[in-house]
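Shown next, in structure tokens, is the structure this report addresses.
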Amino acid sequence: MFDPVETLKEFVRFPSVSTDSTQREGMKGARDYIGGLLKSVGFSVEEVPTPLHPILIGRRGGDPTWPHVVIYGHYDVQPPDPLELWTTPPFEPEERNGRLYGRGAADNKGPLVTHVSAVAQLLEENSNLPLRITFLIEGEEEIGSPSFGRFLEEHKDIFNADFVFLSDTGSPNASQIVVTTGLRGISCLEVEATGPKQDLHSGVHGGAVLNPIQALTEICASLHDGDGRVNVPAFYDDVRPVQDWERDELAKLGVSEEEYARFLGVPGFHTEKGYSPFEGVRFRPTLEFNGIGGGYQGEGSKTVIPSKAFAKISCRLVADQDPVRIQKAVVEAIKERCPATISLRFSFAHNGAPYLVTPPGKPNTPKDQPEALAIAFREADAAIADVFGKPPCYLREGGSVPIIGDIKRITGLDSLMIGLFLPEDNLHAPDESFHLGVMKNGIAVSKRILSRLASVKQSAGS
Ligand code: BES
Ligand code: ZN
């Protein structure tokens with residue numbers, strides 16, 4: 001049996017940065033490594049090519065009456081920059097104070113190794129486990145999963161399953177685990193504003209033409225109102241109301257606003273009127289500026305009216321907002337507010353649907369919730385309470401794993417998501433790490449959920 005921590009160290013060594021075309025080797029290394037690991041556990045592994053980074057499918061078939069779970073993970077990671085802010089190099093994993101440091105240790109290599117370890121241990125204990133398992137491991141999650149839609153259409157058979165199981169979300173601390181009930185969707189776009197056909201001398205021509213930086217920043221500033229709401233017509237039209245039980249769960253989070261502010265290093269919050277910062281992240285959609293530029297960026301000054309300015313914008317969406325509809329609404333608002341002397345060009349990056357699932361036993365739980373999913377939720381609750389010492393809370397997440405919404409929309413499958421990242425894990429930032437105590441407990445929880453699923457179905461069917 002492989003050692004989970006040593007395995008994770010080896011996996012983290014591969015610089016699998018999906019957005020960086022110079023890291024193809026690292027992508028291949030990570031893919032081959034996790035594929036090899038699945039093979040060593042007895043899975044048959046298929047590599048499905050995509051225009052960019054292949055998707056891995058690991059299959060353990062069996063009797064078609066056995067339950068079938070799809071376990072999702074991603075082998076790609078975010079770029080490690082800025083390198084100088086890492087205590088030890090990002091792809092030279094190091095264990096310190098009960099954590100493993102390295103890019104991707106938490107997002108998502110650690111949680112993925114957690115589930116592979118759970119499956120390996122279960123199968124070692126019982127090679128006849130009556131459970132079909134399909135691992136679905138993609139390499140484009142961090143760039144918006146551009147190949148996944150097509151893959152989904154062409155591999156619908158994989159989703160002939162009971163539910164999807166994954167850990168690619170967070171929890172507030174190592175004893176309070178969250179079962180994630182929602183993911184925000186995402187809609188990204190870039191707008192380029194052009195004024196004069198070339199940069200102009202700001203003395204010779206200043207006063208005659210509209211500066212595209214001024215025009216674009218005025219438009220950007222108009223996209224929120226004084227109450228912190230997104231000022232785009234129809235933006236909130238489809239937002240599904242939050243349930244009372246969701247507010248009760250949020251109250252259990254156990255983090256104060258002061259602690260959160262201190263953690264972020266901000267003197268105070270800026271939220272949509274009527275919502276706490278926690279509600280803003282978990283329940284509400286947003287429009288953010290991820291980048292803005294134009295004109296002279298070098299040292300000193302340069303008296304110029306630039307020809308162009310740009311802004312990168314992303315919206316985080318909640319159920320039931322439609323990313324394409326939101327993208328159109330934002331584009332329309334920008335066009336409408338654009339002065340006549342400025343021309344605009346839009347380009348579009350990823351779009352992903354939001355996702356929401358209701359655990360069993362809530363007032364709004366669907367009457368037809370599949371039995372296997374309900375069993376898995378209940379077992380997750382009991383296992384987390386036993387292993388981590390406290391029952392989980394059920395919360396929506398602020399981040400996005402866009403394919404989870406797509407899987408629901410296209411195949412009808414729901415997901416059981418157990419949050420194994422902690423706030424200190426520094427996702428997407430220098431000194432990313434994964435808490436090895438959480439990993440150990442996560443393996444135990446994953447084992448219990450999977451083995452219970454197998455036994456329940458077996459006795460129900462016999
Ligand atoms: N695992 C994260 C999403 C996440 C982060 C969930 C923190 C919960 C807490 C995922 O890998 C991710 O970063 N997704 C991107 C998607 C985007 C590139 C389309 C995100 O949310 O920015
Ligand atoms: Zn990520």
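Everything numeric here is computed off the predicted structure, so don't read it as measured data. Ligands are counted one by one from 1 in listed order, and the atoms in each one are counted from 1 as well.
Ligand-side atoms of ligand 1 in range of E142: 11 (O), 12 (C), 13 (O), 18 (C), range being under 4.0 angstrom from any heavy atom. Of all the atoms in ligand 1, the ones that sit under 4.0 Å from a non-hydrogen atom of D107 are 1 (N), 2 (C), 10 (C), 11 (O), 13 (O). In the vicinity of H74, heavy-atom distances shorter than 4.0 Å reach the ligand 1 atoms 11 (O).
Proximity of the aromatic rings of F14 and Y75 is defined here by a centroid distance below 6.0 angstrom, and this criterion is not met. Residues F283 and Y275 place their aromatic rings such that the two centres sit no closer than 6.0 Å.
Taking the charged nitrogens against the carboxylate oxygens, R282 and E279 have no contact shorter than 4.0 Å, which rules out a salt bridge. Under 4.0 Å is where a charged nitrogen must lie from a carboxylate oxygen, and between K252 and E249 at least one such pair does. A salt bridge is defined here as a Lys NZ or Arg NE, NH1 or NH2 lying under 4.0 Å from an Asp or Glu carboxylate O, and K9 with E6 meets this definition.
Ring planes of F151 and F148: tilted class, angle from 30 to 60°. Between F377 and Y394, the ring planes are tilted. Angles from 30° to 60° get that label.
For the pair OD2 of D107 and OE2 of E142, the angle whose vertex sits at the Zn ion (ligand 2) is 100° to 10 degrees.
Scanning all protein heavy atoms for the shortest distance to atom 3 (C) of ligand 1 gives S400 O, 3.4 Å.
Residues passing the side chain to side chain contact (heavy atoms under 4.5 Å, CB included) test with E258, sequence neighbours excluded: S256, R262.
Ranked by closest heavy atom to atom 7 (C) of ligand 1, the top entry among N351, L427, T169 is L427. Between atom 19 (C) of ligand 1 and the options Q78, H350, E140, R184, the minimum heavy-atom separation is to H350. Of the candidates D425, T180, L183, D168, D168 brings a heavy atom nearest to atom 4 (C) of ligand 1. Closest heavy-atom approach to atom 17 (C) of ligand 1 within the set I186, V178, D76, T19: this belongs to I186.
Remark: R345 CZ is loosely packed, at most 12 non-hydrogen atoms of other residues, nucleotides or ligands lying under 6.0 Å away.
Not a single heavy atom of G352 sits less than 4.0 Å from an atom of ligand 1.
Between E397 and ligand 1, not a single N/O pair is under 3.5 Å apart.
Here H74 does not reach the Zn ion (ligand 2): none of its N/O/S atoms is less than 2.8 Å from the metal.
Contacts of S145 with ligand 1, taken as heavy-atom pairs under 4.0 Å, are absent altogether.
Atom NE2 is the N/O/S atom of H428 found closest to the Zn ion (ligand 2).
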